[in-house]
Amino acid sequence: MHEQYQPREIEAAAQSHWDAQKSFVVSEQPGKETFYCLSMFPYPSGKLHMGHVRNYTIGDVISRYQRMLGKNVLQPMGWDAFGMPAENAAMKNNVAPAKWTYENIAYMKTQLKSLGLAIDWTREVTTCKPDYYRWEQWLFTRLFEKGVIYRKNGTVNWDPVDQTVLANEQVIDGRGWRSGAVIEKREIPMYYFKITAYAEELLSSLDDLDGWPEQVKTMQRNWIGKSRGMEVSFPYDVASIGSAGKLNVFTTRPDTLMGATYVAVAAEHPLATLAAQGNPELQAFIDECKSGSVAEADVATQEKRGMPTPLFVEHPLTGDKLPVWVANYVLMHYGDGAVMAVPAHDERDFEFASKYQLPIKAVVRTSAGDEVGSEWQAAYGEHGTLINSGEFDGLDFVGAFDAIEVALLKKHLGKSRTQFRLRDWGISRQRYWGCPIPIVHCESCGDVPVPEDQLPVVLPEDVVPDGAGSPLARMPEFYECSCPQCGAPAKRETDTMDTFVESSWYFARYASPHYTGGMVDPAAANHWLPVDQYIGGIEHAILHLLYARFFHKLMRDEGLLSSDEPFKNLLTQGMVVAETYYRVLENGGKDWFNPADVEIERDAKGKVIAAKLASDGLPVEIGGTEKMSKSKNNGVDPQAMIDAYGADTCRLFMMFASPPDMSCEWSDAGIEGANRFLRRVWRLAHGHVGKGLPAALDTASLSDVQKDVRRAIHQAIRQATQDIGQHHKFNTAIAQVMTLMNVLEKAAQDSAQDRALLQEGLETVALLLAPITPHISHELWQELGHEDVIIDAAWPAVDDSALVQDNLTLVVQVNGKLRGQIDMPASASREEIEAAARVNENVLRFTEGLSIRKVIVVPGKLVNIVAN
Ligand code: ANZ
Ligand code: ZN
């Protein structure tokens, strides 16, 4: 055994052993318990960042731990390889997105390998490859035929200068990110997944996901947004509208119906269109509303604005005439695109009514008892007892809901209805680097799905986009084809799919990644799925997880697998944060400096108190800790850390710095500390191994001191097992190993028994660290004389007999002050403890001349003697 800890050699040796032995290649083994551990696959952006390292280390620790429990563990990895960054990089460097992507994948794969992850690389999935996306296209055609995917017009952001559709994130302050042109909304045909048909199930099955963080389930519930309410119809006032008809609105507060003082419609609503005829001012307002942002968050925060129309509708119960307004806060795509406005009890209506001096009528008694809505400073939105509502006065929310429903039903002007916020998922993108949509447009047959035997529709890989629209739309060699049904010349669809589609089913493909008979091999899919542990960033809490859950159900309904949900347990890891440093520039902007280039001064508590730039020695401002990011220039390159300290040190630091779901603060001191600890482990093992391997431990003949050492070993096992197994608290598990190391370093190494005990101790350290620092554990295991490899070793078991404590040390106080300690057999009674305390030398000294009034015994802990 080498005297120095040499991570480079050790890590290379362990990794090549695992490679040669195909240690992490798994197959279905009937009868053996499976564990499918999955980390969210990366986008191949170029190189790994610390967030990746943290994510994949957490997954690896869990995988390796589960393997040590004897399970058949699947841990796969792949690439979420389609997407916009490849197109942007392509334009910038004039290189095809495919080439850029494959090169990034190759490099990032070497990086992942250097972390020593226990991955079955034979299952690697790359979503931009035809052998993957052909099955996505296959499913698309099936769902299109079933009507689960359909085509209709959708609104997109149109850049009139670049003549291209932009994603929401490419529109900055209403202008195109490249051209700077004011963006217009355009209606174009798009493909949609009918996810709303699964809204109820997507909501209700969240209740069964006990292994998901409550917070994520809440975010999903809110996104799906189920509201129970009523559809209420307001008959047209024929005199002003010119025809008979009804305006439908959706409301969650039918109890406030008697407080409706006007109705408001969205700019796109037919009544708005009608009112704008011959009214250029209103038409201009409508056009302005239409060109605004489509994002709901923007609608919620923007200033409420509106215009009156000459139209009126009738209140369904009183027959009163209510004016129709066009308002920018009413969304066309929610409910019926119209609201009954109750300013007294709805915040938005209150703001609007106050601004345009519309009547405010209170119909729910406030908790303070005040009843004149028009004098309030804000809407009263709580449920309460009805007032000013005629026959409904005195009813509570539920009573009013029912009574008003009965009244409306009689007149055929309303019925209860459940509304979801969730919209169908529009998946077509007018972009190149994505999965082609397998549809052919034929003049006589319409939209024809590409037949199975003509799949995949292959995306040409040698194209460099120029940012002006999709290059596919300018490639006759791509889009010219013949109709699969009638054979006439036809046009292939040139839109590609949202990249969220690929990441919605990759977890299932890993079960049978090379299967050519279908999207998944049902036997393999049912063997491995659902994923036992899914790990990834909280930024995917809503869309990715919702779409993946949806796809799982789609695949189930296609008969491809039989479970209902894809991910049994979910762990959302916290961010990696680091200090930020900057200088204010003359123009008021900030110049950010990387922590690696800054020298810092800390106070006694380790808080940074001063910082200067290493290159010029002049001070820089301290900006506080923030998520590692390019914009704040506070990222630390994981590769540099791996090169300098080795993967085990990086892994240990990350797992020790904080529990996985909390944010983890990067610190040089922390990484050095982790490295120092591994060197200590190495040093102790080196000294031990150098003396030759000891004989077996005889647990029956241990001295008290030796029993203490052995107790420390088994306490560490017990604690670490709980921390890792039950709570994923790797940081406290590591702390246990550190405590154990303190004991082992101090323990005697003289007798054969001492050395046998140290052997057990070092083996335990190697085993407990094996999931976290697998390379050094691999090496130590060999050095400690094992024929087998540590990845095949079992997680250590607690020997309960080692935990039994013969003697306990109790603290002795006199009048609350510590005065000494006594050793007592663990079985001693209160009386025996009290007696021993009374005759303790120090106690006698401090109670001299006093009389003992009371003796308090806390078994196992302390004795307090009260004397005066
Ligand atoms: C009257 C009312 C009175 C309302 C009151 C609320 C409070 P959720 O819970 O999100 O489903 N609404 C309906 N359609 C709308 C649209 N297209 N654009 C904007 N707002 C719309 O919200 C349902 C409530 O949002 C409905 O209940 C309606 O306002 C409004 F004291 O009706 B309410
Ligand atoms: Zn045809």
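Both backbone and side-chain heavy atoms feed into the values below; hydrogens, waters and symmetry mates do not. One-based numbering, in listed order, for ligands and for the atoms of each.
Counting heavy atoms only, L331 comes closest to atom 16 (C) of ligand 1 of the residues V342, V363, L331. Looking at K226, E382, H345, R348, it is R348 that brings a heavy atom closest to atom 25 (O) of ligand 1.
For the pair M332 and ligand 1, no heavy-atom separation below 4.0 Å is found.
Each of the following atoms of ligand 1 lies closer than 4.0 Å to a heavy atom of M340: 1 (C), 32 (O). Of all atoms in ligand 1, listed by their number and element, those nearer than 4.0 Å to a heavy atom of S227 are 8 (P), 9 (O), 11 (O). Close contacts of ligand 1 with V339, meaning ligand atoms under 4.0 Å from a residue heavy atom, involve 12 (N), 13 (C), 14 (N), 15 (C), 20 (N), 21 (C), 30 (C). For ligand 1, the atoms closer than 4.0 angstrom to any heavy atom of Y334 are 8 (P), 10 (O), 11 (O), 14 (N), 15 (C), 16 (C), 17 (N). Under a 4.0 Å criterion applied to the non-hydrogen atoms of V330, ligand 1 contributes the atoms 16 (C), 17 (N), 18 (N), 19 (C). Ligand 1 places these atoms under 4.0 Å from at least one heavy atom of T256: 3 (C), 31 (F).
Of the protein's non-hydrogen atoms, the one nearest atom 19 (C) of ligand 1 is Y329 O, 3.4 Å. Given atom 6 (C) of ligand 1, the protein heavy atom at minimum distance is D346 OD2, 3.2 Å. Nearest non-hydrogen protein atom to atom 28 (C) of ligand 1 is F250 O, 3.7 Å.
In this structure a side-chain-to-backbone donor-acceptor pair under 3.5 Å is missing from T155 to K185. The backbone N or O of C289 sits nowhere less than 3.5 Å from a side-chain atom of N328 that would complete a donor-acceptor pair.
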task = Please assess W376 against F350 for the test ring pair (Phe, Tyr, Trp, His ring centres under 6.0 Å), listing each intermediate value before the final yes or no.
result = CA-CA 10 Å; W376 297 345; F350 187 86; 7.5 Å; no
(request) Start with the C-alpha gap between Y262 and Y356, add the side-chain angles, then the distance that decides, and say whether ring pair (Phe, Tyr, Trp, His ring centres under 6.0 Å) holds. (result) CA-CA 11 Å; Y262 65 98; Y356 295 106; 9.1 Å; no
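Within 6.0 Å of NZ on K194 lie no more than 12 heavy atoms contributed by other residues, nucleotides or ligands.
Screening F144, F551, F500 for a ring pair (Phe, Tyr, Trp, His ring centres under 6.0 Å) with F193, the sole residue that qualifies is F551. The only member of R549, H552, R556 that meets side chain to side chain donor-acceptor pair (under 3.5 Å) when paired with E565 is R549.
At a 3.5 angstrom cut-off on N or O pairs, T251 counts as close to ligand 1. Taking only nitrogen or oxygen atoms, main chain and side chain alike, T252 reaches within less than 3.5 Å of ligand 1.
Taking the Zn ion (ligand 2) as the corner point, the angle from C442 atom SG to C445 atom SG is about 110° (rounded to 10 degrees).
Within the cation-pi definition used here (under 6.0 Å to the ring centroid, within 45° of the axis), R429 does not qualify as a partner of F82.
For the residue pair Y198/D557, the side-chain donor-acceptor check at 3.5 Å is satisfied.
The pair D207-R221 counts as a salt bridge, with a side-chain nitrogen and a carboxylate oxygen less than 4.0 angstrom apart.
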